[in-house]
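The first residue of the sequence shown is numbered 1, and numbering continues consecutively from there. Counting convention: from 1, in listed order, for ligands and their atoms alike.
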Amino acid sequence: MGSRRPGDLLFLVKASAPGKIILFGEHAVVYGRPALAVPVNQVQVDVEVLNSSAQGVWIHAPIIDLHAELSTLPPDHPIGSVILKVLSSPFLPPSPSGRGAGGEDGIEIRISSTIPVASGLGSGAAVSVAIICALSSFLNRPLTNEQINELVFETEKLHHGTPSGIDNTVITYNMPVYYIKGKPIETFKPGKPFTIVIGDTGIPAPTKESVGDVRRLWLRDTNRFETLFNEVAQISTMARHFIETGRPELLGELMDHNHELLQQMTVSSPELDALVHAARKAGALGAKLSGGGRGGNMIALVEQARAESVAQALQSAGAKRTIITEIK
Ligand code: MEV
């Protein structure tokens, strides 16, 4: 595993990718409605790729206790499949540098992360983005954001069923996005910065499950769910307008309404509701779950001066951790 001989040349490439939150529109976005998402740079995935004298592609991800050679992983392994995608990507012709998986040298890929897994903060997409950036640069063939986004979306489809593509997009571009599935990417710029407190229930909740459940309910009661999604679409459209015109204080009410609609979609949980309630009680202007729901994270809009006290109220109400982030 990377036992280097004295005098070997060391090539080392690093890349990182941020977490994300959905401000408005989760779940409805899977059904073609607009949603707003922003990167969260307080948490991130870091990937280092280096050459190694051991043959093969060695992966070390201590956070998930993974230390393995690529060929020993099952083909659908989330990390293994991303690496295979890069190595076989049509975007990536053989490198003139000779660095690669097939030559004398092996490759070592080290992954570390501060993004909690299955929490709605986009950890899966961030791992994929960081691996693809680092590995393609290591192979001397850096990819464009568009190519990275496409490869990550393919991986998301493998592991999350029917993703909208919003997670890979906001994380790849590392910018606020107004996202409609299948449409050209639109970014947005807040007319005035605003502060969000993120509260983690600490309950892991795979997005695939909540997305699958919503799909079953939508199939059973299509009219009702289409109406819910249309209401969410109006909220996302209004929210973008308030953000861009520098009136973020008007987002609070929209967050509360979006949370109610998510409750009706059955993707909230008692723990999420308790944190949303605690945030509002502590003076947040509005609050909602963020991401797939059922567990994971919620977000609260706050005046900057109140951010610490809302974060403390969330911790007293059971949040396992909180993050204060400025959207600008
Ligand atoms: C997950 O961050 C957001 C969902 O809308 C799923 C998706 O858009 O793929 C729940």
Side-chain angles (χ1 to χ4, degrees), residues 17-40 43 45 78 113 115-129 149-183 185-186 196 198-201 203-218 225-226 228-233 235-237 239 255 258-259 261-269 272 288-299 323 325:
K20 70 95 205 352
I21 48 174
I22 308 254
L23 292 177
F24 296 96
E26 50 275 271
H27 288 287
V29 68
V30 175
Y31 299 82
R33 276 42 168 217
L36 303 178
V38 292
V40 175
V43 284
V45 172
S113 173
I115 310 179
V117 174
S119 73
L121 293 184
S123 95
V127 167
S128 299
V129 170
N149 200 23
E150 201 175 315
L151 284 178
V152 183
F153 185 49
E154 279 177 41
T155 321
E156 293 276 286
K157 278 196 271 189
L158 271 183
H159 304 293
H160 300 296
T162 54
S164 64
I166 190 168
D167 288 11
N168 46 281
T169 302
V170 64
I171 291 170
T172 300
Y173 288 86
N174 200 354
M175 289 175 87
V177 295
Y178 173 86
Y179 184 82
I180 303 177
K181 194 172 153 184
K183 292 268 167 70
I185 294 152
E186 291 182 49
I196 295 283
I198 306 170
D200 189 352
T201 60
I203 299 168
T207 305
K208 187 180 182 174
E209 282 171 25
S210 62
V211 169
D213 287 349
V214 170
R215 180 160 298 272
R216 276 182 283 279
L217 291 168
W218 171 75
F225 271 73
E226 285 291 313
L228 291 175
F229 297 153
N230 286 340
E231 278 190 64
V232 174
I235 290 175
S236 293
T237 309
M255 279 192 179
N258 198 163
H259 186 71
L261 296 169
L262 288 160
Q263 284 174 321
Q264 291 178 45
M265 293 176 208
T266 78
V267 294
S268 194
S269 70
L272 281 165
K288 62 181 276 294
L289 72 85
S290 177
R294 297 268 168 81
N297 281 276
M298 49 71 66
I299 57 174
I323 297 170
T325 187

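- Ligand 1 has a nitrogen or oxygen under 3.5 angstrom from a nitrogen or oxygen of D167.
- Distance alone, capped at 3.5 Å, is enough to place a donor-acceptor pair between the K20 side chain and the G120 backbone.
- For the pair G120 and ligand 1, no heavy-atom separation below 4.0 Å is found.
- At a 4.0 Å heavy-atom cut-off, ligand 1 touches K20 through the side chain alone.
- Taking CD1 from I196 and CD1 from I21, the interatomic distance works out to 5.5 Å, rounded to the nearest 0.5 Å.
- The nearest protein atom to atom 3 (C) of ligand 1, hydrogens excluded, is given as I22 CD1, 3.9 Å; this is a heavy-atom distance.
- Looking at T201, its side chain never comes within 3.5 Å of a backbone N or O of N297 through a donor-acceptor pair.
- Atom 9 (O) of ligand 1 has S164 N, 2.8 Å as its closest protein atom, hydrogens excluded (heavy atom only).
- With contacts defined as side-chain heavy-atom distances shorter than 4.5 Å, the pair Q264/F225 does not qualify.
- Neither the backbone nor the side chain of T162 has a heavy atom within less than 4.0 Å of ligand 1.
- With hydrogens left out, the protein atom closest to atom 5 (O) of ligand 1 is H27 N, 2.8 Å, a heavy atom.
- Shown in contact with P163 at under 4.0 Å from a heavy atom are these atoms of ligand 1, numbered in order with element: 9 (O).
- Between atom CG of residue L23 and atom OG of residue S236 there is a gap of 9.5 Å, rounded to the nearest 0.5 Å.
- Ring geometry, W218 versus Y31: the interplanar angle falls from 30° to 60°, so the pair is classed tilted.
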